[in-house]
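Just so it is clear: chains get the letters A, B, ... in the order the sequence lines come, proteins before strands, and each one is counted from 1. Predicted model, so just to flag it, every value in this text is computed and none were measured. Computed from heavy atoms alone, side chains included, the values below leave out hydrogens, waters and symmetry copies.
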Amino acid sequence: MPELPEVETTRRSLEPPLVGHRVVSAIVRDRRLRWPVPDHLEHTLTGAAIVALRRRAKYLLIDTDRGTLLVHLGMSGSLTVVPGTRAPVKHDHVDIVLDSGETLRFHDPRRFGSMHWLATHEASHPLLAELAPEPFDDVFDGAYLHRVTRGRSAAVKQVIMNGTLVTGVGNIYASEALHRAAINPRTRAGRLSRARCDRLAVAIRETLGRAIELGGSSLRDYVDGHGNAGEFQSESAVYGREGLACNRCGETIRLIRQGARATYYCAGCQR
DNA sequence: AGCTCACCCTGCGAGC
DNA sequence: TGCTCGCAGGGTGAGC
């Protein structure tokens, strides 16, 4: 489900109801996420004051006065603030009860999401240490993209998606950004000219930026912290539009498979 | 090093 | 209101 725009949308919507509030209790109904939820989480969180919400790649970091809760939403996870009286439903794995009377609820049917605890004295975490630059970082531009793709023989779509050169670009926005940049997703990354890398870097930033403005994409089940769906999917240029006409050149949008993931593109204007 | 693939898990829609 | 299959926006780790 969530790529960078969805995680950022979640972060923004959760900031007001969370920051400045204290945790009254934490309830873990199912510890079996991608990695087991730490045994001490309920004890550690109880009484903690939430001081900030940050995002790094597709991770959400909930900073408290005694450490940081590192949350990944995986494919199907969502974090929403609900009234404390609302009964949990299936796959509501974790509740963080706040002194406001509301509850931060983690819901994740596929359990590909995760929760880690970072004690205050820990500067980082192995999961965060090796992450590539954020697409909105100053260092991420065409020159950077050109430099780090030299010698890479894999398809550009798989390279921008795999998280080692740039973070936060998942399957939807990889297809969308490549269409915006008019680059064929099967092009070997190492063959991209500097000019095309410039276009791609800009396209990635514009695509993700626009998606954040629209509250993310809700293809199946994504919702923000208030339970609201995103609107980007209605502006999608290629994703989910196979067989339809390209809005730039009129050719038919195609669906192919790259590394077991769906890729949508227009063979007319993406070269 | 980099590339490809299998795998983790549940739900849903398509097809029978 | 049946069954089976394939697919879904994530990432990791093994093998080449």
**OP:** Could you give me the CA-CA distance, side-chain angles and deciding distance for Arg210(A) and Glu206(A), then say whether salt bridge (Lys or Arg N to Asp or Glu O under 4.0 Å) is met?
**Re:** CA-CA 6 Å; Arg210(A) 179 63 180 155; Glu206(A) 289 179 347; over 6 Å; no

Could you check how far [atom1] of [X] sits from [atom2] of [N], rounded to whole Å?
X	N	atom1	atom2	result
Leu33(A)	dT12(C)	CG	P	15 Å
Met161(A)	dA8(C)	CE	C1'	12 Å
Arg111(A)	dC7(B)	CZ	P	18 Å
Gln258(A)	dA8(C)	CD	P	13 Å
Glu130(A)	dG11(C)	CD	C1'	15 Å
Arg34(A)	dG13(C)	CZ	P	7 Å
Arg110(A)	dT10(B)	CZ	P	10 Å
Arg56(A)	dG10(C)	CZ	P	17 Å

Original post:
For the rings on His125(A) and His116(A), is their centre-to-centre separation under 6.0 Å?
Top reply: yes

Subject >> Presence of donor-acceptor pair under 3.5 Å, side chain of Arg152(A) and base of dG2(B) >> reply: no

For the side chain of [X], counting heavy atoms from C-beta on, which of [options] is nearest?
X	options	result
Arg257(A)	dG10(C), dG11(B), dC7(C)	dC7(C)
Ala154(A)	dT4(B), dC7(C), dG10(C)	dT4(B)
Tyr239(A)	dA8(C), dT12(C), dC9(B)	dA8(C)

Subject >> Any strand: nucleotide that pairs with dG2(B) via Watson-Crick or wobble, under 3.5 Å >> reply: dC16(C)

Subject >> Main-chain N/O of Leu131(A) paired with Arg56(A) side-chain donor or acceptor, under 3.5 Å >> reply: yes

**OP:** Working to the nearest 0.5 Å, report the span between OG1 of Thr263(A) and CD of Gln270(A).
**Re:** 10.0 Å

Side-chain N or O of [X] closer than 4.0 Å to phosphate OP1/OP2 of [N]:
X	N	result
His91(A)	dG11(B)	yes
Lys90(A)	dT10(B)	no
Ser153(A)	dC3(B)	yes
His72(A)	dG11(C)	yes

Original post:
Within the structure shown, what part of the strands sits under 4.0 Å from Leu255(A) by heavy-atom distance: base, sugar-phosphate, or nothing?
Top reply: nothing

Subject >> Arg66(A) versus His43(A), closest heavy-atom pair with distance >> reply: NH1-O, 4.2 Å

